[in-house]
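In what follows, a single structure is set out as structure tokens and then discussed.
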Amino acid sequence: MLWLRIALFLRIDVMRVQPLSSPPAAQADTLRHDWQREEVQALFDKPFNDLIFDAQCVHRQFFDANEVQKSTLLSIKTGGCPEDCGYCSQSAKFETGLSASKLLEVETVLAKARDAKQAGATRYCMGAAWRNPKDRDMDALCAMVEGVKELGMESCMTLGMLSDEQTEQLATAGLDYYNHNIDTSEEYYATVVTTRTFQDRLDTLARVREAGIHVCSGGIVGMGEGESDRVGMLMALANLPAHPESVPINMLMPIDGTPLGGSEQIDMIDFVRTVAAARIMMPRSVVRLSAGREHMSEEGQALCFLAGANSIFVGDQLLTTKNPEADKDARLFARLGLEPMAAAPRQTGAPHAAGD
Ligand code: SAM
Ligand code: DTB
Ligand code: SF4
């Protein structure tokens, strides 16, 4: 047989050439919202090479595999938060040595946004250590959104829970993204946070979606959760009525003084598996390699990009913790041949729902 001779000539071991280990999740343009636990567990159980290959195939159906979106983060209101999230430096319940500050002035925020734009960020993310914003803060918050938009950047805010009215106000101001993480599985949630419920998070996400603001929602890996919790977290995200447009996967930044401060760093291969599963399950979403890059090798980060991560925070500060310096990231992009992704205009009314 001619094909066998050619294979032998090329030294291809035909007995070991396997088809794609399972069909990619997003054949054609159909997104799934009915992931079953066994299927997601099966993704995590795959041989690593098969999982990464499948994730990369899915990634290339929807994205340029060499483009990475850049966001910059600013803490616009730091510390003194009444919530008890066990990972957070900003909770008033823990002695973390962080001093609380008031909401920054609009001009201060916009000056920093201009710097971020100069440094190459296309999206500006503003975070506040609140359970929820107060109505008296809404004018300043809306002015921040409008100012960032005038700079030609995408705007993102993360302010805790929102009322219907507050969500509408932010949407009217032109907010592009709202970040609100589910953080972990529903089952593990109460081990990490007791001052609100998993359902509270879902309720705010539904309000944000309803108002036509893009949803940014993901979680933290390395909080002592089991793999089944990572499975549960990704299922909860992917089985929402519409996939979040942005899915941040944070590696825990351990903070002294918090209940999770002594957590052991998660194995990098397990972290990369989580990124790959997120990519396969939410193929059209931008998956952000979020907190934790400061503690990752360049090879570890490269594996995350290979697994389908295509967004990062740039700038040497996250909210209260460190992020790699600009020159370090510039070198990483050059080594890997990565290019910055251009900002996409907000596609209002076009969430990633079933049948897209
Ligand atoms: N207070 C608002 C809230 O909780 O939604 C907004 C700010 S909060 C700091 C935003 C997100 O940052 C959290 O949901 C969590 O996923 C992430 N985060 C906070 N501390 C972290 C840490 N030490 N390591 C990794 N991610 C962290
Ligand atoms: C997200 O998922 N990660 C960012 C952003 N959304 C708000 C926050 C990371 C915070 C890391 C710990 C800190 O700097 O305090
Ligand atoms: Fe407050 Fe947000 Fe930190 Fe929780 S994660 S303590 S809500 S700032």
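What you see below is based on every heavy atom in this structure, not just the backbone, and it leaves out hydrogens, waters and symmetry mates. All ligand and atom numbering here is 1-based and tracks the order in the structure. Keep in mind that what you see is a predicted model, and the values were worked out from it rather than measured.
Ring orientation note: the planes of H243 and H33 are tilted relative to one another, at an angle of 30° to 60°.
Grouping the Ile, Leu, Val, Met, Phe, Trp and Tyr side chains by contacts below 4.5 angstrom, directly or via other members, places I280 with V231. Under a hydrophobic clustering in which Ile, Leu, Val, Met, Phe, Trp and Tyr are joined whenever their side-chain heavy atoms come within less than 4.5 Å, directly or via other members, M281 and V272 fall into the same cluster. F313 and F271 are assigned to two separate hydrophobic clusters, defined by single-linkage of ILVMFWY side chains at heavy-atom distances under 4.5 Å. L73 and V215 fall into different hydrophobic clusters, where Ile, Leu, Val, Met, Phe, Trp and Tyr are joined by side-chain heavy atoms under 4.5 Å apart, directly or via other members. Put simply, M157 and L103 are part of the same group of oily side chains (I, L, V, M, F, W, Y) that touch within less than 4.5 Å, one to the next.
Here C88 fails the criterion, with no N, O or S atom under 2.8 Å of atom 4 (Fe) of ligand 3.
With hydrogens left out, the protein atom closest to atom 6 (C) of ligand 1 is T158 OG1, 3.1 Å, a heavy atom. Protein heavy atom in closest approach to atom 23 (N) of ligand 1: M253 O, 2.9 Å. For atom 11 (C) of ligand 1, the closest heavy atom belonging to the protein is N181 ND2, 3.8 Å. Among all protein heavy atoms, the one lying closest to atom 3 (N) of ligand 2 is N250 OD1, 2.9 Å. Scanning all protein heavy atoms for the shortest distance to atom 4 (Fe) of ligand 3 gives C85 SG, 2.2 Å. Scanning the protein for heavy atoms near atom 26 (N) of ligand 1, the closest one is I220 CD1, 3.5 Å. With respect to atom 12 (C) of ligand 2, the closest heavy atom belonging to the protein is T321 OG1, 3.5 Å.
Using a 4.0 Å threshold on non-hydrogen atoms, atom 8 (S) of ligand 3 counts as touching the protein.
Near T320, the atoms of ligand 2 lying under 4.0 angstrom from a non-hydrogen atom of the residue are 13 (C), 14 (O), 15 (O). Here is the list of ligand 3 atoms found below 4.0 Å of a heavy atom in C81: 1 (Fe), 6 (S), 7 (S), 8 (S). Applying the 4.0 Å criterion to heavy atoms of L319 picks out, from ligand 2, the atoms 8 (C), 13 (C), 14 (O), 15 (O). Shown in contact with Y87 at under 4.0 Å from a heavy atom are these atoms of ligand 3, numbered in order with element: 5 (S). Atoms of ligand 1 lying under 4.0 Å from at least one heavy atom of L319, given by number and element, are 9 (C). Close contacts between ligand 3 and A129 involve ligand atoms 8 (S) [criterion: under 4.0 Å to a heavy atom]. The atoms of ligand 2 that sit less than 4.0 Å from any heavy atom of P248 are 2 (O).
In T321, neither the side chain nor the backbone holds a heavy atom less than 4.0 Å from any atom of ligand 1. Here I255 has no heavy atoms under 4.0 Å from ligand 2, in either its backbone or its side chain. Contacts between T158 and ligand 2, counted as non-hydrogen atom pairs separated by less than 4.0 Å, involve the side chain only.
The closest approach between a heavy atom of G127 and any atom of ligand 1 is not below 4.0 Å. The closest approach between a heavy atom of Y87 and any atom of ligand 2 is not below 4.0 Å. Ligand 1 lies less than 4.0 angstrom from a heavy atom belonging to R201. At least one heavy atom of R196 sits less than 4.0 Å from an atom of ligand 3. Residue S290 places a heavy atom under 4.0 Å from ligand 2. Contact analysis puts A128 in contact with ligand 1, with a non-hydrogen atom separation below 4.0 angstrom.
Checking I249, N179, L74 against atom 6 (N) of ligand 2, the nearest heavy atom belongs to N179. Atom 21 (C) of ligand 1 has its nearest heavy-atom neighbour, among Y87, W130, Y178, in Y87.
Under a 4.0 Å N-O distance rule, the pair E294/K328 does not qualify as a salt bridge. Looking at R114 and E107, a side-chain N of the basic residue comes within less than 4.0 Å of a carboxylate O on the acidic one, giving a salt bridge. Classification of R123 and D176 as a salt-bridged pair fails, no side-chain N sitting under 4.0 Å from a carboxylate O. Here K70 does not pair with D329 in a salt bridge; the nearest charged N to carboxylate O distance is not below 4.0 Å. R207 has no carboxylate O lying under 4.0 Å from a charged side-chain N of E165, or vice versa, which leaves the two without a salt bridge.
Between I255 and ligand 1, a contact under 3.5 Å exists for no N or O pair. Considering backbone and side-chain atoms alike, D183 places an N or O below 3.5 Å from some N or O of ligand 1. Of the polar atoms of N181, at least one N or O is found under 3.5 Å from an N or O of ligand 2, judged by distance alone.
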When you look at E245 and R209, which way does the salt bridge (Lys or Arg N to Asp or Glu O under 4.0 Å) test go after all the steps?
CA-CA 10 Å; E245 283 79 3; R209 174 62 74 204; 2.9 Å; yes
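A donor-acceptor pair shorter than 3.5 Å can be found between the side chains of D84 and T194. With no hydrogens or angles considered, a side-chain donor-acceptor pair links D183 and Y87 at under 3.5 Å. Defined by atom type and a distance below 3.5 Å, a donor-acceptor pair is missing between the side-chain atoms of Y188 and R230.
Across all non-hydrogen atoms, the minimal contact from R37 to S228 is NH1-O, 3.3 Å.
For the pair T320 and T78, the minimum side-chain heavy-atom distance is below 4.5 Å.
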